[in-house]
Amino acid sequence: MGADNTQYDVLIVGGGAAGLMAAGRAAGAGARTLVLEKKDRTGRKLNITGKGRCNLTNAALMESFLERFGSGARFLRPAFGHMGDKDLVAFMEGLGVPTVVERGSRVFPASQKAGDVVAAMRDFARTSGARIETDAPVRRIRAEEGAVTGVELKSGEIRSAGAVILATGGASYPATGSTGDGYAMARELGHAINTIHPALVPLETGGEAAPKLQGLSLYNAGVSVFINGRKKRRAFGELLFTHFGVSGPVILSLSGEIVAAQLQGHEVELRLDLKPALEETKLENRLLRELDQRGGQHMGNLLRGLLPRKLVAVCLEQTGIPEDRTGNQVSARERKALRTWLKDFRIPVTGYRSFFEAIVTSGGVRLKEVDPKSMGSRLVQGFYFAGEVLDIAADTGGYNLQAAFSTGSLAGTSAAQYALARHSETAAQSP
Ligand SMILES: Cc1cc2nc3c(=O)[nH]c(=O)nc-3n(C[C@H](O)[C@H](O)[C@H](O)COP(=O)(O)OP(=O)(O)OC[C@H]3O[C@@H](n4cnc5c(N)ncnc54)[C@H](O)[C@@H]3O)c2cc1C
């Protein structure tokens with residue numbers, strides 16, 4: 001990395017989804033733009049999104065789209081107005097990345113390759129005229145008299161510009177480069193940071209069930225969340241048992257509320273419905289039929305017709321039914337215990353996994369201090385934000401990347417406008 005004395009208009013800290021989009025927009029608007037990326041490559045996290053397939057947005061209607069962001073929805077409305085899901089899809093098509101809509105209105109590149117999105121975003125930034133400097137970690141943002149003047153790299157070098165966009169992402173999956181550096185940089189310039197937590201994160205559970213069941217996936221489990229003994233939410237979907245607890249799409253989606261409850265010291269319990277398609281009477285009839293038709297079999301065998309093998313042992317243990325009891329020996333009380341367990345398998349939640357395993361970070365730069373129409377700081381002139389560094393986080397389904405792209409696009413456009421206007425003012429004033 002050599003000294004670079006160029007006078008830039010816009011500096012972008014972080015070359016992820018938001019930073020690359022911001023770079024292309026700012027450079028495309030005529031601003032001399034530089035992206036400073038701390039890793040050896042831009043877009044490392046983008047490259048692993050959607051299990052390598054990149055679920056880049058969601059085709060849901062705007063109102064239900066916004067709902068996924070909870071309290072961040074109002075803030076994001078102008079950014080989504082500036083660049084919504086259809087705009088993003090058209091934009092990707094324009095870059096040679098056609099898309100397909102899959103189950104749950106999730107949008108993926110037709111090639112099913114996140115790498116194609118990364119390559120397209122890098123090309124977009126570069127062909128728009130932005131420079132990208134890798135292995136260039138930024139230490140702080142410099143400001144004088146209430147306006148940014150540039151950044152200081154960890155190497156001590158300075159890069160100057162009239163506008164700086166902070167696009168350092170969250171603190172999850174730190175190996176991708178998103179180590180939460182941006183929070184300290186924003187704080188140093190007076191911005192409040194709402195406490196950060198892992199979100200869309202696997203859960204740790206108590207008891208022996210999870211370790212015994214590790215590796216087992218339930219493709220359609222009903223999961224109810226009980227907080228201090230009261231039912232708060234119910235969802236359906238795929239659940240995976242791990243050595244520490246539970247993961248999988250349904251758990252990640254429920255994790256936000258569970259982490260929040262745990263932080264407040266509340267007790268959380270998951271109650272699994274292993275037969276969500278059968279209501280109680282139908283389940284009772286099914287059990288009666290199985291016990292009758294296969295009455296000579298030991299329960300250890302008989303239950304394999306109803307449950308995956310790993311679950312059978314846990315079921316017998318928790319219902320107290322001996323493994324060698326035959327179907328026709330099962331009492332009405334035991335049958336009831338079995339029925340109850342199948343609909344209400346309880347697992348206490350003891351914690352959640354760290355940022356290393358969290359898909360996103362909740363918390364971040366307080367939204368009140370950012371203008372939603374420009375992504376500009378309300379405290380420091382020429383300072384802009386984009387992406388997950390802001391206090392925004394949504395469910396899985398492509399919402400988080402759309403938020404990164406939309407806020408990146410808006411921040412890039414606004415920062416370029418600001419810096420170019422300032423530039424021409426200065427030029428007009430100079431003799
Ligand atoms: C495994 C996984 C799968 C995911 N799948 C999906 C999905 O399919 N769909 C979806 O919508 N969302 C998904 N997400 C979430 C999504 O990836 C993020 O919300 C999104 O990448 C945020 O974009 P960003 O540009 O704000 O931050 P990032 O993509 O995290 O980019 C931030 C960049 O800033 C750089 N940086 C950090 N600090 C510095 C510094 N000091 N100096 C210079 N550069 C710095 C980092 O190296 C990084 O390149 C997934 C996340 C993970 C972890």
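In what follows, residues are counted from 1 in the order of the sequence shown. Counting convention: from 1, in listed order, for ligands and their atoms alike.
In this structure, Phe355 has its ring center at least 6.0 angstrom away from the ring center of His197. Remark: aromatic rings of Phe80 and Phe69 are close, center separation under 6.0 Å.
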(request) Test side chain to side chain contact (heavy atoms under 4.5 Å, CB included) on Leu367 and Ile392 and set out the steps. (result) CA-CA 8 Å; Leu367 302 181; Ile392 46 173; 4.1 Å; yes

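For residues 403-415, every residue pair satisfying the side chain to side chain donor-acceptor pair (under 3.5 Å) rule, not counting sequence neighbours, is listed here: Arg25-Ser409, His82-Ser409, Gln402-Ser406.
With sequence neighbours excluded, the residues satisfying salt bridge (charged side-chain N to carboxylate O under 4.0 Å, His left out) with Arg346 are Asp344. Residues that satisfy the salt bridge (charged side-chain N to carboxylate O under 4.0 Å, His left out) test with Arg106, not counting sequence neighbours, are absent from this structure.
For ligand 1, the protein residues within 4.0 angstrom (heavy atoms only) are Val13, Gly14, Gly15, Gly16, Ala17, Ala18, Leu36, Glu37, Lys38, Lys39, Lys45, Ile48, Thr49, Gly50, Asn55, Ala136, Pro137, Val138, Ala167, Thr168, Gly169, Tyr173, Thr176, Gly177, Ser178, Asp181, Met185, Ile359, Val360, Gly387, Glu388, Gly398, Tyr399, Asn400, Leu401, Ala404.
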